[in-house]
Amino acid sequence: MERNKKVMNKRKFLKQLGLGSFAIAATPTLFSSCQSNPPEDFKLWMWVGGGANKPEEEWREQFTRLSELGFHGVLAGGNVETLKTTVPLAKSLGLEIHSWQWVMNRPGNKEAMAHPEWYAVSRNGDSSLDVNPYVGYYQWLCPSKPEVQDYIINGMIDIAEVEGLDGVQLDYVRYCDVILPRGLWEKYDLVQDHEMPEFDFCYCDTCRNKFKSESGYDPLDLEDPSQDEQWLQFRYDSITNLVNRIAKEVHSRNKKLSASVFATPNLARKFVRQAWDEWDLDFVFPMIYYQFYAEPLDFVRTATAEGVKALGGSKPLYTAQYLSQKTTEDVTAMIEAAKAGGSNGLAFYDYGLLNEDKAKVLENLRASK
(Lines give C-alpha, C1' and ligand atoms only; values in the text may rest on other atoms or scores of the structure.)
Protein backbone atom coordinates (compact mmCIF):
# COMPACT_ATOMS: atom_id res chain seq x y z
CA MET A 1 0.00 0.00 0.00
CA GLU A 2 1.24 3.48 -0.79
CA ARG A 3 2.62 5.37 2.21
CA ASN A 4 0.62 8.51 1.41
CA LYS A 5 -2.62 6.49 1.47
CA LYS A 6 -1.65 5.16 4.91
CA VAL A 7 -1.00 8.67 6.15
CA MET A 8 -4.38 9.86 4.95
CA ASN A 9 -6.12 6.88 6.55
CA LYS A 10 -4.35 7.54 9.83
CA ARG A 11 -5.03 11.27 9.71
CA LYS A 12 -8.71 10.68 8.85
CA PHE A 13 -9.02 8.30 11.79
CA LEU A 14 -7.44 10.79 14.17
CA LYS A 15 -9.53 13.69 12.86
CA GLN A 16 -12.76 11.73 13.28
CA LEU A 17 -12.08 11.31 16.97
CA GLY A 18 -13.64 14.70 17.67
CA LEU A 19 -10.67 16.20 19.44
CA GLY A 20 -12.09 19.69 19.17
CA SER A 21 -14.50 18.92 22.00
CA PHE A 22 -11.72 18.92 24.57
CA ALA A 23 -10.85 22.11 26.36
CA ILE A 24 -7.28 23.32 26.49
CA ALA A 25 -6.54 23.78 30.16
CA ALA A 26 -3.06 25.21 29.99
CA THR A 27 -1.27 28.29 28.68
CA PRO A 28 2.41 29.02 28.09
CA THR A 29 2.63 30.90 31.39
CA LEU A 30 1.65 27.76 33.30
CA PHE A 31 5.15 26.39 32.90
CA SER A 32 7.17 29.44 33.86
CA SER A 33 7.43 28.33 37.47
CA CYS A 34 8.08 24.64 36.85
CA GLN A 35 10.78 24.66 34.19
CA SER A 36 13.40 21.96 34.47
CA ASN A 37 16.64 22.27 32.56
CA PRO A 38 15.94 20.92 29.06
CA PRO A 39 18.90 20.18 26.80
CA GLU A 40 20.26 23.27 25.07
CA ASP A 41 20.09 21.48 21.71
CA PHE A 42 16.29 21.24 21.49
CA LYS A 43 15.63 19.46 18.18
CA LEU A 44 12.56 19.53 15.96
CA TRP A 45 11.37 16.60 13.84
CA MET A 46 8.51 16.20 11.37
CA TRP A 47 6.69 13.20 9.95
CA VAL A 48 6.40 13.66 6.19
CA GLY A 49 4.23 11.18 4.33
CA GLY A 50 4.43 10.23 0.70
CA GLY A 51 4.63 7.28 -1.64
CA ALA A 52 6.09 6.33 -4.97
CA ASN A 53 3.84 8.79 -6.84
CA LYS A 54 4.85 11.88 -4.88
CA PRO A 55 6.81 14.19 -7.20
CA GLU A 56 10.42 14.98 -6.39
CA GLU A 57 9.68 18.69 -6.52
CA GLU A 58 7.05 18.33 -3.79
CA TRP A 59 9.55 16.56 -1.53
CA ARG A 60 12.05 19.33 -2.26
CA GLU A 61 9.59 22.10 -1.38
CA GLN A 62 8.58 20.44 1.88
CA PHE A 63 12.13 19.64 2.98
CA THR A 64 13.28 23.16 2.09
CA ARG A 65 10.52 24.70 4.19
CA LEU A 66 11.39 22.50 7.17
CA SER A 67 15.09 23.29 6.85
CA GLU A 68 14.33 27.01 6.79
CA LEU A 69 12.19 26.64 9.91
CA GLY A 70 15.10 25.07 11.76
CA PHE A 71 14.02 21.43 11.81
CA HIS A 72 16.69 18.90 12.67
CA GLY A 73 15.25 15.94 10.83
CA VAL A 74 12.42 14.29 8.95
CA LEU A 75 10.69 10.95 9.46
CA ALA A 76 9.90 10.27 5.85
CA GLY A 77 7.48 7.81 4.30
CA GLY A 78 8.14 5.68 1.28
CA ASN A 79 9.92 2.52 0.19
CA VAL A 80 13.49 1.91 -0.94
CA GLU A 81 12.90 3.52 -4.32
CA THR A 82 11.37 6.61 -2.71
CA LEU A 83 14.35 6.90 -0.38
CA LYS A 84 16.71 7.04 -3.34
CA THR A 85 15.03 10.37 -4.10
CA THR A 86 14.41 11.73 -0.62
CA VAL A 87 17.73 10.91 1.05
CA PRO A 88 19.92 13.07 -1.24
CA LEU A 89 17.37 15.90 -1.02
CA ALA A 90 17.31 15.87 2.77
CA LYS A 91 21.08 15.68 3.07
CA SER A 92 21.58 18.57 0.65
CA LEU A 93 19.41 20.70 2.94
CA GLY A 94 21.16 19.71 6.16
CA LEU A 95 18.34 17.50 7.43
CA GLU A 96 18.66 14.11 9.07
CA ILE A 97 16.36 11.63 7.37
CA HIS A 98 14.93 8.50 8.98
CA SER A 99 12.71 6.07 7.12
CA TRP A 100 9.22 5.90 8.65
CA GLN A 101 8.17 2.23 8.67
CA TRP A 102 4.98 0.55 9.90
CA VAL A 103 5.85 -2.70 11.62
CA MET A 104 3.04 -4.91 12.99
CA ASN A 105 0.02 -3.22 11.38
CA ARG A 106 0.20 -3.99 7.64
CA PRO A 107 -3.09 -2.95 5.99
CA GLY A 108 -3.51 -4.12 2.43
CA ASN A 109 -0.04 -5.67 2.33
CA LYS A 110 -0.20 -8.13 -0.57
CA GLU A 111 2.78 -10.20 0.58
CA ALA A 112 1.35 -10.63 4.06
CA MET A 113 -2.17 -11.28 2.80
CA ALA A 114 -0.83 -14.24 0.81
CA HIS A 115 -0.18 -15.80 4.24
CA PRO A 116 -3.41 -15.40 6.24
CA GLU A 117 -1.89 -17.50 9.02
CA TRP A 118 0.52 -14.63 9.75
CA TYR A 119 -2.19 -12.42 11.27
CA ALA A 120 -2.88 -11.93 14.96
CA VAL A 121 -5.93 -13.67 16.43
CA SER A 122 -8.17 -12.14 19.10
CA ARG A 123 -9.31 -13.88 22.27
CA ASN A 124 -12.61 -14.34 20.44
CA GLY A 125 -10.78 -16.39 17.82
CA ASP A 126 -11.03 -13.82 14.99
CA SER A 127 -8.11 -13.01 12.70
CA SER A 128 -7.43 -9.29 12.36
CA LEU A 129 -7.19 -9.88 8.61
CA ASP A 130 -10.87 -10.79 8.53
CA VAL A 131 -12.28 -8.84 11.48
CA ASN A 132 -10.59 -5.45 11.77
CA PRO A 133 -10.68 -4.03 15.31
CA TYR A 134 -11.82 -0.41 15.53
CA VAL A 135 -10.95 0.71 11.98
CA GLY A 136 -10.73 -0.89 8.56
CA TYR A 137 -6.99 -0.39 8.22
CA TYR A 138 -6.15 -2.35 11.39
CA GLN A 139 -4.65 -5.62 10.13
CA TRP A 140 -2.12 -6.83 12.67
CA LEU A 141 0.56 -9.46 12.20
CA CYS A 142 1.59 -11.84 14.99
CA PRO A 143 5.05 -11.01 16.41
CA SER A 144 5.63 -14.54 17.72
CA LYS A 145 5.70 -16.29 14.34
CA PRO A 146 9.27 -16.86 13.06
CA GLU A 147 8.18 -16.33 9.46
CA VAL A 148 6.61 -12.96 10.37
CA GLN A 149 9.75 -11.92 12.23
CA ASP A 150 11.91 -12.84 9.24
CA TYR A 151 9.63 -10.97 6.83
CA ILE A 152 9.70 -7.81 8.94
CA ILE A 153 13.43 -7.94 9.65
CA ASN A 154 14.35 -8.55 6.02
CA GLY A 155 12.29 -5.52 5.04
CA MET A 156 14.09 -3.39 7.63
CA ILE A 157 17.45 -4.62 6.35
CA ASP A 158 16.53 -3.47 2.84
CA ILE A 159 15.70 -0.03 4.21
CA ALA A 160 18.81 0.19 6.39
CA GLU A 161 21.05 -0.56 3.42
CA VAL A 162 19.99 2.61 1.58
CA GLU A 163 23.12 4.71 1.19
CA GLY A 164 23.08 7.99 3.08
CA LEU A 165 20.02 7.20 5.18
CA ASP A 166 20.48 8.20 8.83
CA GLY A 167 18.14 5.69 10.42
CA VAL A 168 14.92 3.70 10.59
CA GLN A 169 11.90 4.93 12.55
CA LEU A 170 9.42 2.27 13.65
CA ASP A 171 5.68 2.92 13.91
CA TYR A 172 2.87 0.56 14.96
CA VAL A 173 5.49 -1.57 16.69
CA ARG A 174 3.03 -3.06 19.14
CA TYR A 175 -0.14 -5.09 19.49
CA CYS A 176 -3.57 -3.71 18.65
CA ASP A 177 -4.92 -1.38 21.34
CA VAL A 178 -6.46 -3.69 23.92
CA ILE A 179 -7.73 -0.52 25.60
CA LEU A 180 -8.06 2.87 23.92
CA PRO A 181 -7.03 6.04 25.76
CA ARG A 182 -9.97 7.49 27.66
CA GLY A 183 -10.59 10.34 25.25
CA LEU A 184 -11.46 7.93 22.42
CA TRP A 185 -14.08 5.74 24.08
CA GLU A 186 -17.10 7.77 22.98
CA LYS A 187 -16.04 7.55 19.34
CA TYR A 188 -16.64 3.80 19.41
CA ASP A 189 -19.42 3.79 22.01
CA LEU A 190 -17.20 1.82 24.37
CA VAL A 191 -16.51 1.77 28.08
CA GLN A 192 -13.14 0.05 28.22
CA ASP A 193 -12.71 -0.34 31.96
CA HIS A 194 -11.51 -3.89 31.32
CA GLU A 195 -9.84 -5.82 28.51
CA MET A 196 -12.48 -6.88 25.97
CA PRO A 197 -11.79 -10.17 24.14
CA GLU A 198 -12.36 -8.75 20.65
CA PHE A 199 -9.46 -6.31 21.16
CA ASP A 200 -7.15 -8.68 23.06
CA PHE A 201 -4.36 -10.22 20.92
CA CYS A 202 -2.71 -12.63 20.13
CA TYR A 203 -4.24 -16.07 20.74
CA CYS A 204 -3.07 -17.87 17.61
CA ASP A 205 -1.77 -21.42 17.88
CA THR A 206 1.84 -20.20 17.71
CA CYS A 207 1.45 -17.84 20.67
CA ARG A 208 -0.56 -20.27 22.79
CA ASN A 209 1.76 -23.23 22.16
CA LYS A 210 4.90 -21.19 22.76
CA PHE A 211 3.50 -19.75 25.96
CA LYS A 212 2.33 -23.15 27.17
CA SER A 213 5.76 -24.65 26.56
CA GLU A 214 7.25 -21.91 28.77
CA SER A 215 4.59 -21.64 31.47
CA GLY A 216 2.84 -25.01 31.48
CA TYR A 217 -0.64 -23.70 30.72
CA ASP A 218 -2.75 -22.32 27.86
CA PRO A 219 -3.87 -18.69 28.30
CA LEU A 220 -7.32 -19.62 27.01
CA ASP A 221 -7.73 -21.95 29.99
CA LEU A 222 -7.51 -18.99 32.35
CA GLU A 223 -10.70 -17.51 33.75
CA ASP A 224 -9.39 -14.02 33.03
CA PRO A 225 -6.21 -13.92 30.90
CA SER A 226 -5.93 -10.16 31.39
CA GLN A 227 -4.94 -10.72 35.03
CA ASP A 228 -2.14 -13.18 34.37
CA GLU A 229 1.27 -11.53 34.75
CA GLN A 230 3.15 -14.25 32.86
CA TRP A 231 0.83 -13.94 29.86
CA LEU A 232 1.21 -10.16 29.88
CA GLN A 233 4.99 -10.45 30.10
CA PHE A 234 5.04 -12.95 27.24
CA ARG A 235 3.50 -10.35 24.96
CA TYR A 236 5.72 -7.52 26.17
CA ASP A 237 8.69 -9.75 25.42
CA SER A 238 7.37 -10.75 21.99
CA ILE A 239 7.50 -7.14 20.82
CA THR A 240 10.71 -6.33 22.68
CA ASN A 241 12.55 -9.29 21.19
CA LEU A 242 11.47 -8.33 17.67
CA VAL A 243 12.54 -4.70 18.14
CA ASN A 244 15.91 -5.74 19.50
CA ARG A 245 16.46 -8.10 16.57
CA ILE A 246 15.67 -5.23 14.21
CA ALA A 247 18.06 -3.03 16.20
CA LYS A 248 20.90 -5.52 15.78
CA GLU A 249 20.50 -5.49 11.99
CA VAL A 250 20.03 -1.73 11.68
CA HIS A 251 22.96 -0.94 13.95
CA SER A 252 25.24 -3.40 12.12
CA ARG A 253 24.68 -1.22 9.04
CA ASN A 254 25.66 1.92 10.95
CA LYS A 255 22.14 3.33 11.03
CA LYS A 256 20.14 4.63 13.99
CA LEU A 257 16.90 3.09 15.20
CA SER A 258 13.99 4.96 16.79
CA ALA A 259 10.29 4.34 17.39
CA SER A 260 7.05 6.21 17.94
CA VAL A 261 5.44 4.75 21.04
CA PHE A 262 2.55 5.32 23.44
CA ALA A 263 2.75 8.20 25.89
CA THR A 264 4.53 6.61 28.86
CA PRO A 265 6.04 3.19 29.61
CA ASN A 266 3.21 2.33 32.00
CA LEU A 267 0.42 3.37 29.63
CA ALA A 268 2.16 1.67 26.72
CA ARG A 269 2.25 -1.64 28.56
CA LYS A 270 -1.37 -1.31 29.62
CA PHE A 271 -2.81 -0.30 26.26
CA VAL A 272 -0.64 -1.96 23.60
CA ARG A 273 1.90 -4.30 25.30
CA GLN A 274 4.83 -1.94 24.60
CA ALA A 275 7.75 -2.07 27.05
CA TRP A 276 9.58 0.63 25.12
CA ASP A 277 11.89 1.64 27.94
CA GLU A 278 13.55 -1.77 27.49
CA TRP A 279 14.19 -1.48 23.75
CA ASP A 280 17.61 -1.08 22.15
CA LEU A 281 16.82 2.24 20.49
CA ASP A 282 18.96 5.28 19.82
CA PHE A 283 16.08 7.62 20.69
CA VAL A 284 12.33 7.47 21.18
CA PHE A 285 9.23 9.48 20.20
CA PRO A 286 6.46 9.07 22.82
CA MET A 287 3.16 10.18 21.26
CA ILE A 288 1.86 12.35 24.08
CA TYR A 289 -1.40 13.30 22.39
CA TYR A 290 -2.99 14.73 25.50
CA GLN A 291 -6.48 15.13 24.04
CA PHE A 292 -6.65 11.40 23.29
CA TYR A 293 -6.28 10.80 27.01
CA ALA A 294 -8.87 13.44 27.93
CA GLU A 295 -6.11 15.24 29.78
CA PRO A 296 -5.16 18.92 30.00
CA LEU A 297 -2.13 20.15 28.13
CA ASP A 298 0.02 19.78 31.25
CA PHE A 299 -0.07 16.02 30.52
CA VAL A 300 2.61 16.78 27.92
CA ARG A 301 4.93 17.86 30.74
CA THR A 302 4.13 15.08 33.20
CA ALA A 303 4.20 12.27 30.63
CA THR A 304 7.45 13.57 29.15
CA ALA A 305 9.00 13.66 32.62
CA GLU A 306 7.85 10.09 33.30
CA GLY A 307 9.48 8.87 30.11
CA VAL A 308 12.70 10.77 30.75
CA LYS A 309 12.90 9.26 34.23
CA ALA A 310 12.25 5.74 32.93
CA LEU A 311 15.05 6.04 30.38
CA GLY A 312 17.46 7.27 33.03
CA GLY A 313 19.55 9.24 30.56
CA SER A 314 20.20 6.19 28.35
CA LYS A 315 18.90 7.88 25.20
CA PRO A 316 17.20 11.07 23.99
CA LEU A 317 13.43 11.42 24.19
CA TYR A 318 11.59 13.60 21.69
CA THR A 319 8.00 14.40 22.64
CA ALA A 320 5.63 13.73 19.72
CA GLN A 321 2.59 15.95 19.19
CA TYR A 322 -0.40 15.82 16.82
CA LEU A 323 -0.94 19.16 15.08
CA SER A 324 -4.61 18.78 14.19
CA GLN A 325 -6.96 21.37 15.68
CA LYS A 326 -4.15 23.16 17.49
CA THR A 327 -3.93 26.94 17.76
CA THR A 328 -0.66 28.83 17.74
CA GLU A 329 -1.09 29.23 21.51
CA ASP A 330 -1.44 25.45 21.84
CA VAL A 331 1.75 24.88 19.86
CA THR A 332 3.64 27.38 22.00
CA ALA A 333 2.33 25.73 25.17
CA MET A 334 3.24 22.24 23.90
CA ILE A 335 6.81 23.35 23.32
CA GLU A 336 7.07 24.85 26.79
CA ALA A 337 5.49 21.77 28.38
CA ALA A 338 7.88 19.40 26.62
CA LYS A 339 10.85 21.50 27.70
CA ALA A 340 9.56 21.59 31.27
CA GLY A 341 9.39 17.78 31.26
CA GLY A 342 13.01 17.49 30.18
CA SER A 343 12.44 16.55 26.54
CA ASN A 344 15.27 16.69 24.02
CA GLY A 345 12.91 18.12 21.42
CA LEU A 346 9.58 17.80 19.65
CA ALA A 347 8.30 15.72 16.74
CA PHE A 348 5.14 16.79 14.94
CA TYR A 349 2.55 14.68 13.12
CA ASP A 350 2.41 15.62 10.34
CA TYR A 351 3.64 17.99 7.62
CA GLY A 352 0.22 18.35 6.01
CA LEU A 353 -1.05 20.03 9.20
CA LEU A 354 1.71 22.62 9.39
CA ASN A 355 -0.06 25.81 8.35
CA GLU A 356 1.58 29.23 8.19
CA ASP A 357 0.47 30.28 11.67
CA LYS A 358 1.99 27.20 13.29
CA ALA A 359 5.11 27.60 11.17
CA LYS A 360 5.50 31.16 12.50
CA VAL A 361 5.64 29.80 16.07
CA LEU A 362 8.44 27.45 15.09
CA GLU A 363 10.24 30.21 13.22
CA ASN A 364 10.14 32.32 16.39
CA LEU A 365 11.49 29.37 18.38
CA ARG A 366 14.46 29.17 16.04
CA ALA A 367 15.06 32.90 16.29
CA SER A 368 15.09 32.73 20.10
CA LYS A 369 17.91 30.18 20.23
Side-chain angles (χ1 to χ4, degrees), residues 3-4 6-8 10-11 14 38-79 82-101 159 162 164-171 255-256 258-260 282-289 316-324 326-328 330-332 334-336 338-339 343-369:
R3 176 70 58 181
N4 57 346
K6 286 182 180 179
V7 173
M8 291 307 296
K10 185 174 181 180
R11 190 187 301 159
L14 299 177
E40 291 184 11
D41 187 16
F42 192 78
K43 297 176 179 176
L44 297 180
W45 301 80
M46 179 67 77
W47 275 279
V48 185
N53 296 323
K54 185 172 177 177
E56 179 177 345
E57 189 55 36
E58 186 176 350
W59 284 110
R60 185 187 304 277
E61 289 174 2
Q62 293 175 346
F63 287 179
T64 299
R65 185 183 184 214
L66 292 173
S67 178
E68 291 172 349
L69 288 172
F71 274 76
H72 175 78
V74 292
L75 311 168
N79 56 22
T82 305
L83 290 169
K84 291 177 181 179
T85 297
T86 56
V87 168
L89 284 176
K91 306 307 285 186
S92 71
L93 292 163
L95 294 168
E96 274 198 27
I97 178 168
H98 296 247
S99 179
W100 173 22
Q101 294 294 315
I159 294 293
V162 173
L165 182 71
D166 291 294
V168 180
Q169 191 264 322
L170 308 178
D171 198 358
K255 302 297 197 298
K256 298 174 185 177
S258 62
S260 49
D282 295 284
F283 43 91
V284 66
F285 297 99
M287 299 177 290
I288 306 176
Y289 300 169
L317 179 151
Y318 300 107
T319 302
Q321 286 295 295
Y322 181 42
L323 282 175
S324 179
K326 299 296 190 298
T327 65
T328 55
D330 297 336
V331 175
T332 300
M334 291 188 303
I335 293 169
E336 294 303 318
K339 287 183 175 181
S343 181
N344 295 86
L346 272 167
F348 295 105
Y349 182 81
D350 68 342
Y351 182 87
L353 299 170
L354 183 65
N355 62 27
E356 289 305 315
D357 289 339
K358 295 183 180 77
K360 185 65 176 178
V361 174
L362 301 179
E363 186 178 357
N364 292 340
L365 175 65
R366 182 185 188 185
S368 68
K369 288 184 177 180

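Only this structure's heavy atoms are used, side chains among them; waters, hydrogens and symmetry mates stay out.
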Flag side-chain contact, heavy atom, 4.5 Å: V331 against T328: no

Side chain to side chain donor-acceptor pair (under 3.5 Å) partners of K84, counting only residues at least two apart: E81

CE on M46 to CG on L95, rounded to 0.5 Å: 11.0 Å

Counterpart residues, side chain to side chain donor-acceptor pair (under 3.5 Å), relative to W47 (two or more places apart): Q169

Trace of the ring-ring contact (aromatic ring centres under 6.0 Å, His included) decision for W45 with F348: CA-CA 6 Å; W45 301 80; F348 295 105; over 10 Å; no

Which residues share a side chain to side chain donor-acceptor pair (under 3.5 Å) with S99, sequence neighbours left out: Q101

Residues which pass side chain to side chain donor-acceptor pair (under 3.5 Å) with T82, listed by chain and number, not counting sequence neighbours: N79

Pairwise side-chain contact, D350 with L323, heavy-atom cut-off 4.5 Å (strictly under): no

Donor + acceptor pair across side chains of S258, D282 (<3.5 Å): no

Point-to-point distance, once rounded to the nearest 0.5 Å, from CG of L362 to NZ of K358: 10.0 Å

Between CG on residue L317 and OG1 on residue T319, distance to nearest 0.5 Å: 5.0 Å

Approximate separation, where rounding is to 0.5 Å, of T86 OG1 and W59 CH2: 5.5 Å

What side-chain donor-acceptor pairs closer than 3.5 Å can you find for residues 63-77, not counting sequence neighbours?
from : atom 1 : to   : atom 2 : distance (Å)
T64  : OG1    : R60  : O      : 2.7
R65  : NH1    : Y351 : OH     : 3.3
R65  : NH1    : L354 : O      : 3.0
R65  : NH2    : L354 : O      : 3.0
R65  : NH2    : E356 : OE2    : 2.9
S67  : OG     : L93  : O      : 2.9
H72  : NE2    : E96  : OE2    : 3.0

Parallel, tilted or perpendicular: rings of W100 and Y349 (30°, 60°): perpendicular

Identified side chain to side chain donor-acceptor pair (under 3.5 Å) partner of D166 from the options K255, K91, H98: K91

Results of side-chain contact (heavy atoms from CB on, under 4.5 Å) for E61 - residues two or more places apart only: E57

Row check, F42 ring normal vs K339 NZ/CZ: under 6.0 Å, within 45°: yes

